[in-house]
S.K.: 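Got a structure for you, questions after.
Letters A, B, ... mirror the listed sequences (proteins, then strands); counts begin at 1. Because only heavy atoms are used, hydrogens play no part in the values below, and waters and symmetry mates are left out as well, while side chains stay in.
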Amino acid sequence: MDYQFKDIEQKWQQFWAQNNTFKAEDKSTKPKYYVLDMFPYPSGAGLHVGHPLGYIASDIFARYKRLKGFNVLHPMGYDSFGLPAEQYAIQTGQHPAVTTEDNIATYRRQLDQIGFSFDWSREVRTSSPDYYKWTQWIFMQLFNSWYNKDAAKAESITNLVAHFEQNGSAGINAVCDEEILSFTADEWNALSNPVQQSELLKYRLTYLRESTVNWCPALGTVLANDEVKDGFSERGGYPVEQKKMMQWSMRITAYAERLLQGLDTIDWPEPLKEMQRNWIGKSTGASVRFPIDKTTHLSQLITNYIEVFTTRVDTIFGVTFLVIAPEHELVASLTTPEQKADIDAYIAVTKKKSELDRMADAKTVSGAFTGSFVLNPLNGEKIQIWIADYVLAGYGTGAVMAVPSGDQRDYLFAKHFNLPIVPIIDIQSIETEADPTKEGKYINSEFMNGLDYKAGTAAVIAKLEEIGAGKAKINFRMRDAIFGRQRYWGEPVPVYFKDGLPHLIEEDHLPLLLPEVDKYLPTESGEPPLGRAEGWSYKPEGAPSKSPPVGETSQSHKAGSYRETADPVYYEQVKDFSRDNRNQPTEAEEMLWQFLRSEKLGYKIRRQHIIGQFIADFVSLQKGLVIELDGHHHTSNKEADDARTEVLNHFGFEVIRFSNDEVLKDVQSVALSIKLKLDSLPERDKTKISGEETDAAKVSPTGGDLEGAGYAYELSTMPGWAGSSWYWFRYMDAQNDKEFASPEAIAYWKDVDLYIGGSEHATGHLLYSRFWNKFLKDIGKVGEEEPFKKLINQGMIQGRSNFVYRLIDEEGRGTNTFVSHGLIKEYKTSPLHVDVNIVENEVMNINKFKEWRPEFADAEFILENGKYICGVEVEKMSKRYYNVVNPDDIAQRYGADTLRMYEMFLGPLEQSKPWNTNGIEGVFKFLRKFWRLFHNDAWEFNVSGVEPSKAELKSLHKIIRKVEEDVERFSFNTSVSSFMIAVNELTDLKCNNRAILQDMVIILSSYAPHICEELWTLLGNPAGTLSYAPFPKFNSAYLIEDDFAYPISINGKMKMNLNIPLSLEIKEIEETVLANADVQKYLDGKAPKKVIVVKGRIVNMVV
RNA sequence: GCUCAGAUGGUGGAACUGGUAGACACGCAGGACUUAAAAUCCUGUUCCCGUAAACGGAGUGCGGGUUCGAUUCCCGCUCUGAGUACCA
């Protein structure tokens, strides 16, 4: 029979599925090998043509390793939480779980069709409760951990608490928030539990904090940095703005150093490692405190120095000015009255600039002088303080010491504003630009003069440390990762809120199931979709089970605490107003806020907070202090103010007021008096809120006051990368309902030996996965420091579009005539995308074109050589370019084996390339030719049992060696070529030898498994044994040659080949060559000056 | 701007540690079979000169260097792609 790929492929795909052929053994004496693909997000569009490329490569490798005697783990699953299913749900009302299920079915069908050797018994889906139970569990472990810098690992939070109880905060070297309390053991033990908890939150590896987030209004969610491209969302392309929100974060920065160091131990593509290094962005330098010069400044300051971070502390004597970010907290207080207009104007301009403007405008020098000075800590020299938007508030301390002689940006700034430029190194040349050299000796640098870079740096740091003005410091660019999304289709965070503080739910209550909601949209009050879930609240063990309160309680922590004192009816009416107020503060409010925010005074202050029926400008809920600034709407209304004060007192709040002028004139002294007031106040009497005797009874309390009726759950869900940050462990023990994977399974499978996927995950998935892996190692759950030992990036598949050229008539209108590509220069035409599926090797099928769209039914063509040739361009693969190629079509037409081999044949795996089916015929022909080796002219199976000839053995062993070498270095394209060569040779030899062909079947089976299984059984082997057959052993004896056709070159140019026995030594070869008549002809009677002979390689003569 | 990767026939690409550049495949041209087409098979196919052929010259983005010999190593440049963006 001729090669019937359809029947064969169907038959074997069924066989593999029914017999669990590729099920990995949990216990084995064989060495393990773990081959993993980045699992797909099951989108509605189905498997995209780029996906199979990596999957095929990994499948070939997995199959090859099985033949080589490894116990291979090669699983597949779905990253099935995600935005598209939710967007679709919003549009159609269909539950995302339903569409996800459908999409997975499509994916599975498509995957099966390509004949992958996945162990489907281990399939995972991140959206399945069995799976996300463990994602939530890991979240809980992170919550219960802090990072001990001394031990360089994560430790249990109970250790930290024990330390606080016994020793206070002294002796703790942790990765934590900036503003932590310091306390003795007694002080700690005296703190109330909520205060302790809020302090501990500053240490936990996952924690809440108000962060500036990338808010995408169109998607209604927060995006990670790597989900934002040029100010637009990566998915959907919607505008993204900066917004402050209370968010869950992951303290990935704790692992910055280990994430960096680990890169040196893993076999990943260098560009990928480089991307991670840049992302982590380690810089070694020093932090230096520049004391503020008080002589020029009268008003009180919160600090009396400005701290900068520098990587060139050795240039400190070259500092001629200091630049701080326009958003820097000290700007207002450093600005002298004379400079105020300038500074205000500059800040106003900066605020107006969009992100894009700032980028486009990178070369313009701008800034403004504050009028204040700092002193050089080493020689007391007065240094001007400037603000400029080239200094970023978010990096380092938001302040730089400017060294114009060594830094080009500072140089330009100094030139522009006529600031001094002091050379500090003897060989520096700074006439036209800065010279950042580290060579030479220091000058103008007092005690450093004459030293070189290394000695100088050490001397400066020693001096700074001695006088307490600075120390060596390492800075990272990487920020903590935000871990919340205001979305429905994701893992619920296993947290409830009590007293406005987050608490974990009991482990027994995992998984915290995703609740049903009526709509997949934010609530009317702007809460995430989970706010719609009715009666969704947490009841801890043993609590009296009152029916949960409706509506108001299922609020997030944030809204929960904001509403702590709010009249529920009134709240709904004014909450938008309050938010607007927050977003558009008055000048005085904003200025004061910079001193009150982030617990700078040691107290958490909220602004525009609703209390009863009022919106307080600022409030400390802890101390019950309301701070009011007189806005224009009630300056003249003393009565109203008094009424407010009375009501607020009623709720247990004290009120202090400041005028706008007071704040604008001297914000520091205002801040100072607030602090003094706060210090003097006792903790707020909260009974006044929940107490029944007050009007406040109608005020909606927090969950904490409900005494077990039900606490509000966190309403945001986890981001897309949560489930994918540990999934490779789940495959090791996918059915386990006691643990995320058993210690035995983890001890056996350890880590992923080969991971294949796209480089687009460089700073997302791959970084987060390494982080979680390290954390799980720290808590003793896994053994390896790195999850993915070797990683290969498959190249991206680009689209390849075809064009037809519509003829334009004299009046400039398009006609229904189309000009072949080669002739378009002779006509006036306009190009038009045409469906690539009706074009083959750039020749368009004219009939199909006419059928393609009704308006082309009567189209006419101007052909070249009777054909319509299309134009070609490489662009993104997209429906609107009609260049999408579906792997299904290829599999239907040529079969999975051809598809597999063709995708490999296209070129090196890592290279990006346009998808192009030109040439697929050649691969199909090859398989048919292979099939024919086993058959006679009448297509009857026919192999002989005679001894293989020397030539046959040589062909076979050449391919054995070639495939081994190629597969081991992931050069799949070259081995496909070699297979073709081998089959061509064997065809020429008319080989139908059983021994040879059977080995060929084994070697080829990892590339083209279906045809090989069929031939394997035709050869008389039991079905299903091919996948575990031993790979043929290479024997070099078959490749040894007696002769070698030496290339004979003259002056490096090859002239002829000459057969010389390999047994001859160099001297003899030279003689043989020179004695040859043809060689003499080339030499033209001249004697060569020199003869180079490389044995077995080449002979070269110099004349 | 910086970092990284890359540039080889009409096309995808091969040449692994410096040693016969263009393997393998597509496409194209010619031929065989066929009434014809498809399929299949055979031959040729880097370019230029010349041509029946032998033979000669050039040639791996551009310019230079090291070497008996460079697609491969070094220096400078051009272009393409990716990442990053005032990171102190």
S.K.: Anti or syn, where syn is a glycosidic angle within 90° of 0; which label fits B/G12?
M.R.: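 Base orientation relative to the sugar is anti.
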S.K.: Using a heavy-atom cut-off of 4.0 Å across all strands, would you classify A/K1095 as base, sugar-phosphate, or nothing?
M.R.: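 Nothing, no heavy atom under 4.0 Å.
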S.K.: Could you tell me how far B/A23 sits from B/G13 if I compare only their C1' atoms? Round to whole Å.
M.R.: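 So the two C1' atoms sit 10 Å from each other.
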S.K.: Is a donor from one side chain sitting under 3.5 angstrom from an acceptor on the other, for A/D410 and A/Y390?
M.R.: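 Note: A/D410 and A/Y390 side chains meet the donor-acceptor criterion.
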S.K.: Using the P atom as the reference point in each nucleotide, state the distance between B/A15 and B/A7 in Å, no decimals.
M.R.: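 Roughly 12 Å separates the two P atoms.
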S.K.: Could you measure between the two P atoms, the one in B/C74 and the one in B/A25, and give it in whole Å?
M.R.: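 Between the two P atoms, the distance is 34 Å.
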S.K.: Can you figure out which of B/C41, B/A15, B/C24 approaches the side chain of A/I981 most closely?
M.R.: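 The listed nucleotide nearest to A/I981's side chain is B/C24.
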S.K.: How many whole angstroms separate atom CD of A/Q408 from atom C1' of B/C2?
M.R.: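 Whole-Å distance recorded here is 14 Å.
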S.K.: For the residue pair A/F321 and A/F413, is the inter-centroid distance of their aromatic rings smaller than 6.0 Å?
M.R.: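 Ring-ring flag for A/F321/A/F413: true, centres closer than 6.0 Å.
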S.K.: Using the P atoms only, state how far B/U34 lies from B/A29, rounded to an integer number of Å.
M.R.: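 Their P atoms lie roughly 23 Å apart.
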S.K.: Tell me if a side-chain donor or acceptor on A/E903 pairs with a main-chain N or O of A/L53 at a distance below 3.5 Å.
M.R.: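 Checking the backbone N and O of A/L53 against the side chain of A/E903, a donor-acceptor pair under 3.5 Å is found.
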S.K.: So A/N475, base contact, sugar-phosphate only, or nothing? Heavy-atom distance under 4.0 Å.
M.R.: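 Touches nothing.
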S.K.: Tell me which nucleotide, if any, is Watson-Crick or G-U wobble paired with B/A58 when both distances must be under 3.5 Å.
M.R.: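 Partner of B/A58: B/U46.
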S.K.: If we take the C1' atom in both B/U80 and B/C87, what is their distance in whole Å?
M.R.: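 B/U80 and B/C87 have their C1' atoms separated by 28 Å.
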S.K.: Nearest-nucleotide wise, let me know which of A/E965 and A/E274 is further upstream toward the 5' end of RNA chain B.
M.R.: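 The answer here is A/E274.
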S.K.: With nearest nucleotide decided by heavy atoms, which residue, A/T310 or A/R932, maps closer to the 5′ end of RNA chain B?
M.R.: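 Per heavy-atom nearest nucleotide, the more 5' residue is A/R932.
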S.K.: B/U72 pairs with which nucleotide, Watson-Crick or G-U wobble, both distances below 3.5 Å?
M.R.: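 Partner of B/U72: none.
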S.K.: In whole Å, measure the gap between the P atoms of B/U72 and B/G6 for me.
M.R.: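 It comes out at 13 Å once rounded to the nearest Å.
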S.K.: Return the orientation label for the A/F930 and A/F934 ring planes: parallel under 30°, perpendicular over 60°, tilted otherwise.
M.R.: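 Geometry flag for A/F934 against A/F930: perpendicular rings.
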S.K.: Under a 3.5 Å cut-off for both distances, is B/A38 Watson-Crick or wobble paired, and to whom?
M.R.: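 B/A38 is unpaired by these criteria.
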S.K.: Angle between ring planes, A/F1034 versus A/H957, binned at 30° and 60°: parallel, tilted or perpendicular?
M.R.: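 Rings of A/F1034 and A/H957: tilted, as their planes differ by 30° to 60°.
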S.K.: Using purine N1 to pyrimidine N3 plus N6-O4 or O6-N4 for Watson-Crick, or N1-O2 and O6-N3 for G-U wobble, each under 3.5 Å, what pairs with B/C16?
M.R.: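 Its partner is none (no Watson-Crick or G-U wobble pair with both distances under 3.5 Å).
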S.K.: Within the 4.0 Å heavy-atom criterion, would you say A/L906 contacts the bases, only the backbone, or no part of the nucleic acid?
M.R.: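 Sugar-phosphate: the residue A/L906, judged by heavy atoms under 4.0 Å, touches backbone atoms but no base.
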S.K.: Below the 4.0 Å mark, does B/A25 have OP1 or OP2 next to a side-chain nitrogen or oxygen of A/N918?
M.R.: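 No, no such contact exists.
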S.K.: Give a yes/no on whether any side-chain N or O of A/N793 is located under 4.0 angstrom from OP1 or OP2 of B/A82.
M.R.: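 Checking A/N793 against B/A82: no side-chain N or O falls below 4.0 Å of OP1 or OP2.
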S.K.: I want to verify a distance call: between B/U40, B/C24, B/A14, whose nearest atom is closest to the A/M980 side chain?
M.R.: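 So the nucleotide nearest the side chain must be B/C24.
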S.K.: Is the shortest heavy-atom distance from the side chain of A/L260 to the side chain of A/R277 under 4.5 Å?
M.R.: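 Answer yes - side chains close enough.
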S.K.: Quick one: which of B/C26, B/A14, B/C86 gets closest to the side chain of A/L392?
M.R.: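 Output: B/C86.
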S.K.: Return the orientation label for the A/Y3 and A/W931 ring planes: parallel under 30°, perpendicular over 60°, tilted otherwise.
M.R.: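 Judged by the thresholds at 30° and 60°, the geometry between A/Y3 and A/W931 is tilted.
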S.K.: Does any nucleotide pair with B/A88 by Watson-Crick or G-U wobble geometry, both distances under 3.5 Å, and what is it?
M.R.: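 Base-paired to nothing in any strand shown.
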S.K.: For B/A21, what is the paired nucleotide under Watson-Crick or G-U wobble rules, both distances under 3.5 Å?
M.R.: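 Partner of B/A21: none found under 3.5 Å.
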S.K.: Ignoring hydrogens and angles, are the base of B/C68 and the side chain of A/N1100 linked by a donor-acceptor pair under 3.5 Å?
M.R.: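 Result: at least one qualifying N/O pair found.
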S.K.: Between B/C16, B/C68, B/U20, spot the one nearest the side chain of A/R969, thanks.
M.R.: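 The answer is B/C16, which lies nearest to the side chain.
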S.K.: Any side-chain N or O of A/S283 under 4.0 Å from OP1/OP2 of B/A88?
M.R.: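 For A/S283, the contact criterion (side-chain N or O under 4.0 Å from OP1 or OP2 of B/A88) is met.
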S.K.: Which one, B/A25, B/U20, B/C86, comes nearest to the side chain of A/D389?
M.R.: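 Of all the options, the side chain of A/D389 is nearest to B/C86.
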S.K.: With respect to the side chain of A/R477, which nucleotide from B/A85, B/U20, B/C68 is positioned closest?
M.R.: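 In terms of side-chain proximity for A/R477, the closest of B/A85, B/U20, B/C68 is B/A85.
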S.K.: Take the protein atom CD1 of A/I920 and the nucleotide atom C1' of B/G13, then report the distance between them rounded to whole Å.
M.R.: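 In whole Å, B/G13 C1' and A/I920 CD1 are 16 Å from each other.
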S.K.: In this structure, how many angstroms lie between the C1' atom of B/A88 and the CZ atom of A/F321, rounded?
M.R.: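 Those two atoms, CZ and C1', are 12 Å apart.
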S.K.: What integer distance in Å separates A/R961:CZ from B/C16:P?
M.R.: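 Those two atoms, CZ and P, are 13 Å apart.
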S.K.: Rounded to the nearest Å, what distance is computed from the CZ atom of residue A/R479 to the P atom of nucleotide B/C87?
M.R.: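 Rounded to the whole Å, the gap is 14 Å.
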S.K.: Could you please name the option among B/U40, B/A23, B/U20 that lies closest to any side-chain atom of A/S977?
M.R.: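 Taking heavy atoms from C-beta onward, the closest nucleotide is B/A23.
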S.K.: Taking only the P atom of each, what is the distance from B/A39 to B/G27 in whole angstrom?
M.R.: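 These two P atoms come out 10 Å apart once rounded.
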S.K.: To the nearest Å, give me how far apart CD (A/Q911) and P (B/A82) are.
M.R.: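 These atoms are roughly 14 Å apart.
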S.K.: Check whether any side-chain heavy atom of A/L330 lies under 4.5 Å from a side-chain heavy atom of A/T370, and answer yes or no.
M.R.: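 Heavy-atom side-chain distance check fails, nothing below 4.5 Å.
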S.K.: Where the side chain of A/P271 is defined as all heavy atoms beyond and including C-beta, which of B/C4, B/G13, B/U20 is the nearest nucleotide?
M.R.: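 Within the option list, the nearest is B/C4.
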S.K.: Looking at A/K925, I'd like to know whether one of its side-chain N or O atoms comes within less than 4.0 Å of OP1 or OP2 on B/C26.
M.R.: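 Checking A/K925 against B/C26: at least one side-chain N or O falls below 4.0 Å of OP1 or OP2.
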S.K.: What does B/C4 pair with, Watson-Crick or G-U, if both distances are under 3.5 Å?
M.R.: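 WC or wobble partner is B/G81.
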S.K.: What is the separation between atom CE on A/M275 and atom C1' on B/U84, rounded to the nearest whole Å?
M.R.: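 Checked: the CE to C1' distance equals 9 Å.
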S.K.: Send over the distance from A/D937 CG to B/C41 C1', rounded to a whole Å.
M.R.: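 Going from A/D937 (CG) to B/C41 (C1'), I get 12 Å.
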S.K.: Any idea which of B/G12, B/U40, B/A14 is nearest the A/F905 side chain?
M.R.: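 The answer is B/G12, which lies nearest to the side chain.
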S.K.: Work out how far the P atom of B/U8 is from that of B/C42, and round it to whole angstrom.
M.R.: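 Nearest-Å result for B/U8 against B/C42 at atom P: 31 Å.
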S.K.: Give me the atom names and distance for the closest heavy-atom approach of A/R893 to A/F5.
M.R.: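 Minimum heavy-atom contact is O-CZ, 3.2 Å.
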S.K.: Using the side-chain heavy atoms of A/F1044, tell me which of these nucleotides is nearest: B/U20, B/A15, B/G13.
M.R.: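 Selected nucleotide (nearest to the side chain): B/U20.
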S.K.: Taking only side-chain N and O atoms of A/R277, does any of them lie within less than 4.0 angstrom of OP1 or OP2 on B/G83?
M.R.: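 Checking B/G83 against A/R277, no side-chain N or O comes under 4.0 Å of OP1 or OP2.
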